[in-house]
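From a predicted model like this one, the values you see are computed outputs, not experimental measurements. If you read the sequence from its start, that first residue is 1, and numbering goes on from there.
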Amino acid sequence: MATPSFPPAPDLSPVRRALISVSDKTGLIDTARALVDLGVEILSTGGTRAAIAAAGLPVTDVAEVTGYPEMMDGRVKTLHPAVHGALLGARAAPDHAAAMRAHGIVGIDLLYVNLYPFEATVAGGGDFDACVENIDIGGPAMIRSAAKNHAYVAVCTAPEDVAEVTASLNANAGATPLALRRTLAARAFARTAAYDGAIADWFAGQNGEVESARWPARKAFGGQLKQTMRYGENPHQAAALYVFPSPRPGVATARQIQGKELSYNNINDTDAAVELVAEFDPAARAAVAIIKHANPCGVALGDDLRGAYLRALECDPVSAFGGIVALNRRLDVEAAREIVKIFTEVVIAPEADDDAIAVFKRRRDLRLLLTGALPDRGARGETFKSVAGGFLVQGRDDARVTAADLKIVTQRRPTETELTDMLFAFTVAKHVKSNAIVFAKDGQTAGIGAGQMNRRDSARIAALRAGEAAEAAGLPASLAKGSACASDAFFPFADGLLQAVEAGATTVIQPGGSIRDDEVIAAADAAGIAMAFTGVRVFRH
């Protein structure tokens, strides 16, 4: 297509005529009144027009402009040249101006449209037909038309946009500056892109596990800006937080009750913490995870949160300083009093008692986040990771290993207590950066080794942590003595397993699948320990 030559866009473009069609009518009447006071003619549709008219304000029905009534249950009302010509016409281009005159098209200088609530319908559990009916067609078409013709048209998709425009009209004798129109156009295209991304993602999910549907030729997703940050992972990096259209409960949707603004690293670490405690049913046991640099330094179960927190803290009190604390139950005052005894960056819980919140108020820098609910571990979802030139997408790791899934491969079988420890350790290992080794006993991590280049070194670090924790607690033996050892992937050699045995582990749980499995099993039998294969690897990079 040849690119037409248009006169330069004017800096100030007068607003004489506006089209308003909004699903969310928050602030609608104030907006309409402000435009009327500025002498702007208002066109509108359906319920929006009725609301403006009911307020006693002058408004013209779009049907009077197009010569066609709304039809097909409102699916067709603005898809007409009298509307799109009015939005797309380049006022200063002679042929455009002539076409507008010839067809009686009067320009629309301001468009305010917010879209059918598709995202909210999906998030609210709407059925297939309800979601489809909430896919807006005319709205995105008008928004894109107005945004393309931003040389003359100001386009608004949210109340804050239209507030900015009305302020500009008052400051510029009823006109909008080009810089503002360009800014609004960028926001508008981002809004329709995110909207279409939400629809595309939802539709793909409706088509089941068919490979071509699950991994379409084009992948789209979008989010709404929640927070900009002073910097990212490091001070020279910019950063912001966006929220998906239909989010799971978690750090992105949590209410911040108190404390300083969350940093990029705070959010990353807090997400790791809340995803970990969500593994444990709050109706069964209280669970607490203490996270540092996205790795757990202590995780424990207890009859109450205070007890679970003290046990988690015992695992690595040095690393816990300045960490993130996640709880799987409503925060109570007893747990709050213990948590504030050392410096903690963030505490995240489903809810909190008022007296617990009062305890935290004495620590102004401590951030308290309430999620309303724990992330649903069984919910289908995807994770994203950027790479040079693209991004990786994978299904969320929703693996859950039970006793029935285990294959005992040694001569000695674990006791019921040991079996419980093994499953707990493996659950925690799923949330430790690879290579991961976790020692655990009685619902408490004893030592954690994370992120090493070989599994033996991870086992050494986990053993070291277990010994240091025992020394700090004044205990006579390492916390790893009598523990279960979990590995997130198979032991490629027997050396890692023997390191765990030397640390005091009496059972080992690992995926299995190494070409040297027989060698590793023989080493376990020689040491007299029990070992189980899960058949499931839980790498986390």
Side-chain angles (χ1 to χ4, degrees), residues 214-215 219 221 232-234 237 239 241-242 244 248 250-252 263-279 289-299 316 319 323-324 326 375 377 379-401 424-440 445 447-462 465 485-493 495-497 499-500 508-515 533-541:
R214 184 170 188 182
W215 306 121
K219 182 74 173 173
F221 60 91
E233 200 165 10
N234 297 292
Q237 295 171 269
L241 171 65
Y242 288 81
F244 283 127
R248 296 163 67 233
V251 65
S263 71
Y264 178 98
N265 292 330
N266 289 152
I267 291 173
N268 187 57
D269 293 348
T270 305
D271 178 63
V274 73
E275 290 282 14
L276 198 166
V277 294
E279 296 277 4
I290 304 174
I291 299 289
K292 198 72 170 288
H293 301 304
N295 272 309
C297 50
V299 185
D316 190 350
S319 298
I324 311 293
R377 297 303 308 168
R380 183 185 175 196
E382 295 171 336
T383 65
F384 303 85
K385 181 179 177 63
S386 64
V387 296
F391 57 90
L392 291 167
V393 186
Q394 65 172 349
R396 184 179 297 109
D397 185 358
D398 58 359
R400 282 177 176 260
V401 175
F424 174 78
F426 195 73
T427 300
V428 174
K430 179 177 149 185
H431 294 267
V432 178
K433 300 294 185 183
S434 299
N435 287 314
I437 294 291
V438 175
F439 294 119
T445 55
I448 299 172
Q452 298 306 300
M453 286 66 75
N454 67 73
R455 201 156 296 280
R456 185 185 63 178
D457 283 353
S458 287
R460 286 172 171 169
I461 291 171
R465 293 283 184 266
C485 171
S487 174
D488 62 346
F490 61 64
F491 285 102
F493 302 97
D495 56 357
L497 177 136
Q499 185 69 50
V508 169
I509 181 170
Q510 57 136 321
S514 167
I515 60 173
F533 285 178
T534 65
V536 176
R537 188 182 73 184
V538 286
F539 266 159
R540 181 170 292 252
H541 288 95

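Residues satisfying the side-chain hydrogen bond (donor to acceptor under 3.5 Å, both in side chains) test with S386, not counting sequence neighbours, are none. Qualifying side-chain hydrogen bond (donor to acceptor under 3.5 Å, both in side chains) partners for D457, counting only residues two or more places apart in sequence or in other chains: N454, R460. Remark: Y242 pairs with no residue by the ring-ring contact (aromatic ring centres under 6.0 Å, His included) rule, at least two apart or across chains. Every residue meeting the side-chain hydrogen bond (donor to acceptor under 3.5 Å, both in side chains) condition with S487, not counting sequence neighbours, appears here in chain and number order: R455. Listed by chain and number, the residues in a side-chain hydrogen bond (donor to acceptor under 3.5 Å, both in side chains) with T427 amount to none (sequence neighbours excluded).
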Pair I437-C485, side-chain contact (heavy atoms from CB on, under 4.5 Å): steps then yes or no: CA-CA 7 Å; I437 294 291; C485 171; 3.8 Å; yes
Verify side-chain contact (heavy atoms from CB on, under 4.5 Å) between V299 and I290, making sure each step is shown before the conclusion. CA-CA 6 Å; V299 185; I290 304 174; over 6 Å; no
If you apply the rule side-chain contact (heavy atoms from CB on, under 4.5 Å), what do you find for E382 with Q394, and how did you get there? CA-CA 5 Å; E382 295 171 336; Q394 65 172 349; over 6 Å; no
With side-chain contact (heavy atoms from CB on, under 4.5 Å) as the criterion, how do D316 and I448 come out once you've worked through the C-alpha distance, each side chain's angles and the decisive distance to 0.1 Å? CA-CA 9 Å; D316 190 350; I448 299 172; over 6 Å; no
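Distance alone, capped at 3.5 Å, places no donor-acceptor pair between the N268 side chain and the N265 backbone. Using modelled atom types, one side-chain atom of Q237 and one backbone atom of N234 make a donor-acceptor pair closer than 3.5 Å. Under a 3.5 Å cut-off, the side chain of D269 and the backbone N or O of A294 do form a donor-acceptor pair. A side-chain donor-acceptor contact under 3.5 Å links K292 to the backbone of S319. Under a 3.5 Å cut-off, the side chain of N435 and the backbone N or O of Q452 do form a donor-acceptor pair. Formation of a donor-acceptor pair under 3.5 Å by the D488 side chain with backbone atoms of A436 is found in this model.
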Mind listing the side-chain donor-acceptor pairs of residues 533-541 below 3.5 Å, one per line with the distance, residues two or more places apart or on another chain?
from	atom 1	to	atom 2	distance (Å)
T534	OG1	V536	N	3.0
T534	OG1	V536	O	2.9
R540	NE	K430	O	2.8

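At least one side-chain heavy atom of Q510 sits under 4.5 Å from a side-chain heavy atom of F491.
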